[in-house]
Protein chains: 2
Amino acid sequence: MVVRDAEATRARILEAALAEFAAVGLAGARVERIAAEAGSNVRMIYAYFGNKSGLFDAAVRSAVETMAAAVPPTPDSLAEWAGRLFDFHLEDPTALRVSLWAQLERPAVASEPMGAYLEKTLAVATRVGSARRAVDLLVIVYSIAQAWVLSPQGLLAADGSDPSSPERIVSHRAAVVRSVAAIVDLEVSQP
Amino acid sequence: MVVRDAEATRARILEAALAEFAAVGLAGARVERIAAEAGSNVRMIYAYFGNKSGLFDAAVRSAVETMAAAVPPTPDSLAEWAGRLFDFHLEDPTALRVSLWAQLERPAVASEPMGAYLEKTLAVATRVGSARRAVDLLVIVYSIAQAWVLSPQGLLAADGSDPSSPERIVSHRAAVVRSVAAIVDLEVSQP
DNA sequence: TATTGGTAAATGAATACTTACTTACATCGC
DNA sequence: GCGATGTAAGTAAGTATTCATTTACCAATA
């Protein structure tokens, strides 16, 4: 390294960790690979993040923050929000994959951003009547927005078309948006 | 072992593998732990399944088969089918978790049951107009049925209630069924 | 029927290699 | 020179996979 910059090194490590964890998860990740990819070394990882799971936790938090910042929730139009979430995950599935791995391998960390959850729930609750129904709705909306990226290729290609073609993407995005719209309509109309 | 029974031993190994892989995934699983849990030994795993990923693949296939057999699709009432899927995943998340891990760690294996996908797609296509729309719909229906089990505890509890309470479960199941019903209605009405 | 030989099933321990984590040392900026 | 930052080479504990051997079972033979 020519220039010494703790912040920059930390950031490079975190970035490399995000990619590695998104690709192979916590158990599959290799500390040495992350260090190499970051242009740093193992020692620095332990200096900055304590241990492997500490780095993973930091990566998860970073991923969730990125996601929340990139796709701010708009309670008035959940359908459009779902569409933007879909776009975000499609363009870069890193954050989604890291979150999912956290949910499987470290559920406690995945449940951490309680504040954000509470906020969204309350915002939606005013439209749906109760907090419970808001949670039920949010759970479903999230999953619809993620469905495409998490579906096996075999299912996506079951109609004989290429799942990565632009028309195919546009088609599914439309399905996502109108599905969420239909569900929200339903929930708002019958409390 | 008192009795020598290749089939039984194989079955015990597979059962133990399912539990282990569901809990910690392919990279997190320990061959030795599986052997011990199965009341067998490591060498047998290699005799019957070749290697660790061979065992994982076998576990995935077994999980998918179990799931397909336990919750046969009913194209005429996708909503009820989603409800039964929800029940199945809730009672035992093993198959769902194994499938999800396959999707993350070995996408090729997760995409394997093409036959089942094609069948379901065709069955739904006759109701929705085109195979493409059928796939879009199926992807979303699957994800809605799984959403609860895959959501972080923090979100599920954001309304202040206990996510594992029977009333909470009943409430969400209802949300799943009526959501799918609403989406299917929409898709059938406007082709 | 008792003996023998063959084969599938099972086992414990070794092998070859990874992997998270540490230590001892170097270098930069103030 | 001193604390912060960086590096390379360890180390001890695991870990997938293989080896050498034993055990149970079966059937043919004498």
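Chain letters run A, B, ... following the sequence lines, proteins first and then strands; every chain starts at 1.
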Engineer: Going through the distances and angles, do B/Thr74 and B/Asp76 end up as a side chain to side chain donor-acceptor pair (under 3.5 Å)?
Structural biologist: CA-CA 5 Å; B/Thr74 52; B/Asp76 297 331; over 6 Å; no

Engineer: Return no unless some side-chain N or O of A/Asn41 is found under 4.0 Å from OP1 or OP2 of D/dG6.
Structural biologist: no

Engineer: Could you check how far CD1 of B/Ile13 sits from C1' of C/dA10, rounded to whole Å?
Structural biologist: 10 Å

Engineer: Does C/dA9 have OP1 or OP2 under 4.0 Å away from a side-chain N or O of B/Thr9?
Structural biologist: no

Engineer: Answer with base, sugar-phosphate or nothing: what part of the nucleic acid does B/Ala29 contact at a heavy-atom distance below 4.0 Å?
Structural biologist: sugar-phosphate

Engineer: Keeping B/Arg133 on the side-chain end and B/Glu187 on the backbone end, is there a donor-acceptor pair under 3.5 Å?
Structural biologist: no

Engineer: Return yes if some donor-acceptor pair links the side-chain N/O of A/Thr66 with the main-chain N/O of A/Ser62 below 3.5 Å, else return no.
Structural biologist: yes

Engineer: So, OP1 or OP2 of C/dT11: does either fall under 4.0 Å of a side-chain N or O from B/Tyr46?
Structural biologist: no

Engineer: Can you figure out which of C/dA20, D/dC19, D/dT5 approaches the side chain of A/Val31 most closely?
Structural biologist: C/dA20

Engineer: When the distance from NZ of A/Lys52 to P of C/dT19 is rounded to whole Å, what number comes out?
Structural biologist: 9 Å

Engineer: Base, sugar-phosphate alone, or nothing: which one does A/Ala8 contact when heavy atoms must sit under 4.0 Å apart?
Structural biologist: nothing

Engineer: Any idea which of D/dT17, C/dA10, C/dC21 is nearest the B/Tyr48 side chain?
Structural biologist: C/dA10

Engineer: Specify the separation, in whole Å, of atom CD of B/Glu7 and atom P of C/dA10.
Structural biologist: 11 Å

Engineer: Counting distance only, does the side-chain N/O of A/Glu32 pair as donor-acceptor with the main-chain N or O of A/Val42 below 3.5 Å?
Structural biologist: no

Engineer: May I have the distance from B/Met44 (atom CE) to D/dA16 (atom P), rounded to whole angstrom?
Structural biologist: 18 Å

Engineer: Taking OP1 and OP2 of D/dG14, is either one under 4.0 Å from a side-chain nitrogen or oxygen of B/Arg30?
Structural biologist: no

Engineer: Return no unless some side-chain N or O of B/Ser40 is found under 4.0 Å from OP1 or OP2 of C/dA10.
Structural biologist: no

Engineer: Picking from C/dG12, C/dA10, C/dA24, which would you name as closest to the side chain of A/Arg43?
Structural biologist: C/dA24

Engineer: Report, one line per pair, each donor and acceptor closer than 3.5 Å where one atom sits in a side chain of residues 167-175 of chain B; sequence neighbours left out.
Structural biologist:
from	atom 1	to	atom 2	distance (Å)
B/Arg168	NE	B/Asp159	OD2	3.3
B/Arg168	NE	B/Ser161	OG	3.0
B/Arg168	NH1	A/Asp136	OD1	3.4
B/Arg168	NH2	A/Asp136	OD1	3.4
B/Ser171	OG	A/Asp136	OD2	2.8
B/His172	ND1	A/Asp136	OD1	2.9
B/Arg173	NE	B/Asp87	OD1	2.8
B/Arg173	NE	B/Asp87	OD2	3.1
B/Arg173	NH2	B/Gly83	O	3.3
B/Arg173	NH2	B/Asp87	OD2	2.7

Engineer: Measure the distance from CD1 on A/Ile45 to C1' on D/dT7 and round it to the nearest whole Å.
Structural biologist: 13 Å

Engineer: Expressed in angstrom and rounded to an integer, what is the separation of A/Phe49 atom CZ from C/dA20 atom C1'?
Structural biologist: 16 Å

Engineer: Provide, to the nearest angstrom, the distance between the CD atom belonging to A/Glu32 and the P atom belonging to C/dC17.
Structural biologist: 16 Å

Engineer: Specify the separation, in whole Å, of atom CG of A/Leu55 and atom C1' of C/dT19.
Structural biologist: 15 Å

